[in-house]
Every structure is written in C-alpha cells, then in structure tokens.
Amino acid sequence: MGGAEDGVPRGAGANGHGNGAASVEEKLDELRRLLGKADGDTLRIVGVGAGAWGSVFCALMQDAYGHLRDKVQVRIWRRAGRAVDRATAEHLFEVINAREDVLRRLIRRCAYLKYVEGRLGDRVLYADEILRDGFCLNMIDTPLCPLKVVTNLQEAVWDADIVINGLPSTETRDVFGEIGRYWKERITAPIILSLAKGIEASLDPLPRIITPTQMISNATGVPLENILYLGGPNIASEIYNKEYANARICGADKWRKPLAKFLRQPHFIVWDNSDLITHEVMGGLKNVYAIGAGMVAALTNESATSKSVYFALCTSEMIYITHLLEEEPEKLAGPLLADTYVTLLKGRNAWYGQKLAKGELTLEMGDSIKGKGTIQGVSAVDAFYELLSQDSLSVMHPEGNRSVAPVEMCPILKALYKILIKRELPPDSILQAIRDETMYDPRERIEMAQGHSLYRPSLLGQPRVDAKV
C-alpha cells in the first residue's frame with residue numbers, strides 16, 4: 001500500500017518524490033541497518049490501537065515512508081465489530097463531500113457508494129472499515145490517508161519490528177498481556193514506542209507509580225531499554241494538518257536518537273531525552289488538572305479571570321507533585337507547562353470537564369466517550385489521589401508542625417477525586433476548591449516544595465536515598 005494518494009506521499013511531486021525524498025529513504029535505510037534488516041526483508045511497523053493520536057501517528061508514517069513498499073510496511077490494529085452509528089455516518093458523508101480530494105479518492109477506489117448507503121441508513125459501516133479509507137472514528141472531521149488495517153491482533157504483531165502503543169493506559173496492560181503470549185517464541189525483542197498518557201497506582205509493598213511502558217515491559221518481557229515514550233504539547237488533528245509541532249521521545253540511548261531522527265518531519269520536530277518514566281508521569285498529571293479547567297471554564301462562562309485563578313492554583317499543585325517525584329524538578333517545568341497549556345486549550349480532558357459541568361455528560365456514562373475515546377484523566381485522578389494519600393509519604397504541614405499526607409496540600413486534586421471518583425460532590429464544587437478563603441497563595445505552595453526535601457524516589461520505583469544534609 002502506498003502513501004496518501006495511490007502511492008504518492010503527501011506533499012510529494014507528480015513523480016512521487018518531494019524535495020526531501022532522498023533524505024527520507026536515507027533515514028529509513030539507516031534505521032533498517034540498526035535493526036539488522038537484510039535487503040528484501042521488510043521493516044514492519046504496527047500501530048496497536050486506533051484512537052486519534054494512534055491513527056494519526058501511523059498515518060504520518062504511511063505518508064512519509066509508505067511509498068517505499070519494498071523496504072517498509074505500516075499497519076494498524078484495531079478491534080473489529082465496532083459499528084458506526086447513523087448520526088456519525090451522516091456527518092462522515094458531509095465531511096467526504098466537503099473535501100474534493102477525499103471525494104475523488106473514494107470514487108477512484110470504488111469506495112464512495114458505501115458511504116452513500118451509510119448516510120441513507122441502508123447499511124452499517126464499521127470502524128475498521130472506515131479506517132481503511134482514512135477515517136478515524138474518534139476524529140471524523142480530519143480525513144487521513146488510507147491505512148492498512150488488521151483486526152487480528154496476533155497477525156498484526158507477531159513479526160513486528162516496531163510497535164506503536166496507541167492504546168489508552170487503562171487498556172495497555174491487558175492488550176500487551178495478550179501480545180506477550182504471541183511473542184514467547186521470539187528470538188529478538190521488538191522496539192515499542194508508547195504514546196499513552198496515564199498511570200496506575202501500586203500500594204504494595206510501597207506506594208509507587210506504574211507507567212504504560214512499565215506495564216508493557218511487565219506484560220511482554222521486552223526489556224525497558226527497548227520501550228520508549230513519545231509525548232508533547234500537540235493535538236492529533238492539527239499535527240496531521242501540518243501545524244508546526246514538537247514532541248519528545250524518551251528512553252534508552254540505544255534507540256531514542258535513531259528513532260527521533262526517523263520520526264522527525266519538517267512540521268513535526270522530535271527531540272530526545274533519557275528520562276523515560278518521569279516524562280510519562282507528567283503526561284498523565286496534566287490530564288488530571290485539565291478536567292478541572294474545563295469545569296471552571298464552563299461554570300464561569302469562560303471567565304478569563306476565573307480560568308487564570310485556576311491555572312495559578314493547579315500549576316502550583318503540579319509543581320508541588322513534581323518535587324515529590326523528581327530530584328531536579330526544574331527540568332520538567334517547560335515540557336509540563338507546555339503540555340498542560342495545549343490540553344487546556346483543546347484537549348479531550350478539558351472538553352470532558354466542560355461537558356460534565358454543563359450537564360451534557362454524566363459520570364454514569366463512563367470515561368469512554370463516543371467520538372473522543374477514553375478520557376484518561378479520570379483514572380489518573382484516582383491513581384494520583386490514592387498514591388498521595390498514603391501516610392508513608394507524609395510531609396510537614398506549614399501550620400501546626402504536623403505531618404500530613406501529600407494530598408492534603410493539593411485541594412484541587414482532592415476536589416476532583418470527590419467529584420469524579422467518589423461522586424460525593426457535584427462538578428460546581430470545583431469552584432469552592434479555588435475560592436477557599438483559607439487557601440494559600442500558590443507561590444507559598446511552590447516555596448514549600450522548594451524549601452523542603454520532598455523527593456520520594458520510591459514513587460517512581462527508585463531506591464531510597466539518604467536525605468541531603
């Protein structure tokens with residue numbers, strides 16, 4: 001299968017070669033050599049999970065490298081049987097007819113008629129079926145290039161060289177547990193690149209965070225040096241539409257720099273960093289506070305003042321939490337704030353918070369929302385609260401010279417837990433959390449974090465260290 005249009009990569013000239021075609025092939029050849037691929041042995045890249053970001057990521061790879069059929073194959077796995085409802089089919093038909101290039105492509109591929117029938121209700125469309133034509137169910141308004149879709153998980157992954165984890169963190173462990181069974185006879189471990197932003201909490205024997213890359217390693221036996229994380233301040237649809245964006249790939253030295261070079265495109269700059277686990281955790285942390293931001297925006301009629309008050313308070317809590325997780329948290333300030341900012345502007349977690357506050361969604365509907373996918377901030381609220389409420393992590397309270405669990409210094413996190421997890425409070429109670437007259441100046445919380453030895457290495461599974469004198 002080729003690139004976006006009958007084998008010609010997006011942005012290429014009529015002969016199938018854009019200005020950077022030679023360098024694209026050189027990048028592919030370099031990665032093939034590092035992976036020990038012989039001539040005639042196809043490099044197999046497989047996406048697992050077809051949410052918005054997972055689908056866009058595979059489409060970017062297909063657009064960039066898909067025309068080099070004899071050297072690389074890009075495929076994506078998603079479950080079969082997910083029906084497209086009538087309203088979505090009608091909207092999809094409108095999207096198709098509004099884009100002449102998409103309309104012509106479907107007619108040329110003899111695929112247009114089924115969308116007419118779907119629009120009329122004469123047939124049922126399925127998510128894997130429309131993904132083959134370049135439509136992600138969670139992102140209908142942004143047509144992608146056609147993708148090679150596989151619905152049998154074993155067939156998709158058994159001989160993959162590079163696997164892209166596009167699953168929500170809440171599904172990662174189970175799916176990769178199944179994948180691990182298929183890989184028992186493998187001689188060489190694949191490279192796994194995880195896009196998931198979320199965490200789990202483990203309380204025994206010590207409170208600690210478990211990230212998606214750790215889940216994957218535990219489930220498959222693939223060493224952590226072969227598992228990387230890619231994240232950054234970006235929105236999937238905007239990246240595919242070539243809005244300038246950057247991301248950071250984190251992991252072991254052996255693979256992160258070659259993969260950063262392979263993934264880099266003129267509009268998508270990929271940096272690299274060795275700090276895998278902490279960057280993953282930060283990707284989950286910002287989703288927590290994005291939900292609250294959406295609530296505040298909806299409840300205050302988009303008041304700029306109220307949103308800025310919330311931003312000041314939530315960033316001070318995030319900074320406090322990073323001091324618990326990282327010995328040198330200042331290194332994370334830029335990436336964390338950038339990722340938080342874009343999520344508050346246009347991310348699904350902020351959107352979810354808005355819909356809850358407006359009463360257009362309810363908690364009883366769950367955290368998997370039609371057209372949006374999984375709202376990963378909900379499970380992250382639960383995990384962070386459970387971890388930070390453990391007495392074994394106690395910190396000194398600024399008043400009364402007493403020890404408290406770290407969560408007592410995070411009133412927004414506490415409020416979100418009571419709203420989303422315990423369901424004891426309505427969404428509008430988030431306003432009380434930011435309007436409490438006894439609340440500290442956010443600057444004081446940051447100063448407390450900077451002035452005390454808060455670092456708890458055990459939270460990230462690191463050995464205990466003696467406190468600095």
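In this chain, residues are counted from 1 in sequence order.
Between the side chain of Asn273 and the backbone N or O of Asp275 there is at least one donor-acceptor pair closer than 3.5 Å. For Tyr240 (side chain) and Cys145 (main-chain N/O), a donor-acceptor pair under 3.5 Å exists by modelled atom type. The closest donor-acceptor contact from the side chain of Arg78 to the backbone of Ala127 lies at 3.5 Å or more, if one exists at all. Put simply, the side chain of Trp183 never gets that close to the backbone of Gly221: no donor and acceptor are under 3.5 Å apart. Judged purely by atom type and a 3.5 angstrom limit, Tyr65 uses its side chain to pair as donor or acceptor with the backbone of Phe262. Side-chain atoms of Asn152 come within 3.5 Å of backbone atoms of Gln154 as a donor-acceptor pair (strictly under, hydrogens ignored). Side-chain N or O atoms of Asn287 include none that pairs as donor or acceptor with a backbone N or O of Gln376 at under 3.5 Å. A donor-acceptor pair is defined here as one N or O able to donate and one able to accept, closer than 3.5 Å; such a pair exists between the side chain of Thr322 and the backbone of Ile319. Without hydrogens or angle criteria, Ser389 side chain to Glu386 main chain gives a donor-acceptor distance under 3.5 Å. The closest donor-acceptor contact from the side chain of Tyr310 to the backbone of Tyr289 lies under 3.5 Å.
Between Val378 and Tyr352 the shortest side-chain heavy-atom distance falls below 4.5 Å. Using a 4.5 Å heavy-atom cutoff, the side chains of Phe57 and Asn165 are not in contact. Taking the side chain as every heavy atom from C-beta outward, Val95 and Pro143 approach each other to under 4.5 Å. Looking at Met318 and Val288, their side chains never come closer than 4.5 Å, going by heavy atoms from C-beta outward. Residues Ile430 and Ile412 are in side-chain contact: their nearest non-hydrogen atoms beyond the backbone lie under 4.5 Å apart. Between Glu280 and Leu276 the shortest side-chain heavy-atom distance falls below 4.5 Å. When side chains are defined from C-beta on, Ile419 does not count as touching Ile291, because their heavy atoms never get closer than 4.5 Å. Two residues are said to be in side-chain contact when any heavy atoms from C-beta on lie closer than 4.5 Å; Ile199 and Ile210 fail this criterion.
Contact between Ser306 and Val296 at its shortest, heavy atoms only, is O-CG1, 3.9 Å. Here the closest heavy-atom approach between residue Ala433 and residue Ala415 is recorded as CB-CB, 3.8 Å. Shortest non-hydrogen contact noted between Ala350 and Thr343 is CB-O, 3.5 Å. When all heavy atoms of Gly198 and Pro212 are compared, the pair lying nearest together is O-CD, 3.0 Å. Listed here is the closest heavy atom pair of Ile76 and Gly54: CD1-O, 4.0 Å. In terms of heavy-atom proximity, Ala80 sits nearest to Asp128 at CA-OD1, 4.0 Å.
Note: Ser308 OG to Leu313 CG = 9.5 Å, rounded to the nearest 0.5 Å. Between atom CE of residue Met365 and atom CG of residue Leu356 there is a gap of 9.0 Å, rounded to the nearest 0.5 Å. Distance check, rounded to the nearest 0.5 Å: CD of Gln214 to CD1 of Ile227 gives 9.5 Å. Rounded to the nearest 0.5 angstrom, Leu230 CG and Ile164 CD1 are separated by 8.5 Å. Taken to the nearest 0.5 Å, the CD1 atom of Ile239 stands 11.5 Å off from the OG1 atom of Thr142. The line from CD1 of Ile249 to CG of Leu259 is 4.5 Å long, rounded to the nearest 0.5 Å.
No hydrogens or angles considered: a donor-acceptor pair under 3.5 Å links the side chains of Thr213 and Thr211.
Here salt bridge (charged side-chain N to carboxylate O under 4.0 Å, His left out) pairs that include residues 365-381, with residues two or more places apart or in two chains, are Asp85-Lys370. Listed by first and then second residue, the salt bridge (charged side-chain N to carboxylate O under 4.0 Å, His left out) pairs involving residues 405-422 are Glu408-Lys414 (not counting sequence neighbours). Pairs passing the side chain to side chain donor-acceptor pair (under 3.5 Å) check and including a residue from residues 195-210, sequence neighbours excluded, read Arg173-Glu200, Lys197-Asp339. Sorted by first then second residue, the salt bridge (charged side-chain N to carboxylate O under 4.0 Å, His left out) pairs that include residues 292-305, not counting sequence neighbours, are Glu302-Lys307.
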I'd like to know whether Thr374 forms a side chain to side chain contact (heavy atoms under 4.5 Å, CB included) with Ser368, so could you lay out the CA-CA distance, the side-chain angles of the two residues, the decisive distance to 0.1 Å, and finally the verdict. CA-CA 4 Å; Thr374 301; Ser368 183; 4.2 Å; yes
Test side chain to side chain contact (heavy atoms under 4.5 Å, CB included) applied to Leu413 and Phe384, step by step: CA-CA 8 Å; Leu413 176 58; Phe384 276 108; 4.3 Å; yes
Pair Tyr229-Thr278, side chain to side chain contact (heavy atoms under 4.5 Å, CB included): steps then yes or no: CA-CA 10 Å; Tyr229 164 73; Thr278 309; over 6 Å; no
Would Val395 and Arg456 satisfy side chain to side chain contact (heavy atoms under 4.5 Å, CB included), going step by step from the backbone distance to the final call? CA-CA 10 Å; Val395 297; Arg456 301 292 189 273; 3.8 Å; yes
Extract all donor-acceptor atom pairs below 3.5 Å that involve side chains of residues 251-258 and protein atoms in other chains or at least two apart in sequence.
from   : atom 1 : to     : atom 2 : distance (Å)
Asp253 : OD1    : Arg256 : NH1    : 2.3
Asp253 : OD1    : Arg256 : NH2    : 3.3
Arg256 : NE     : Asp272 : OD2    : 2.8
Arg256 : NH1    : Gly251 : O      : 3.1
Lys257 : NZ     : Asp272 : OD1    : 3.4
Lys257 : NZ     : Asp272 : OD2    : 3.1

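No option in Leu431, Thr300, Leu420 other than Leu420 meets the side-chain contact (heavy atoms from CB on, under 4.5 Å) test with Met295.
Aromatic ring pairs are classed by plane angle as parallel below 30°, tilted from 30° to 60° and perpendicular above 60°; the pair Tyr417 and Tyr385 is parallel.
Remark: Thr220 engages no residue in a side chain to side chain donor-acceptor pair (under 3.5 Å) (not counting sequence neighbours).
Heavy atoms from other residues, nucleotides or ligands lying under 6.0 Å from OH of Tyr341 number 12 at most.
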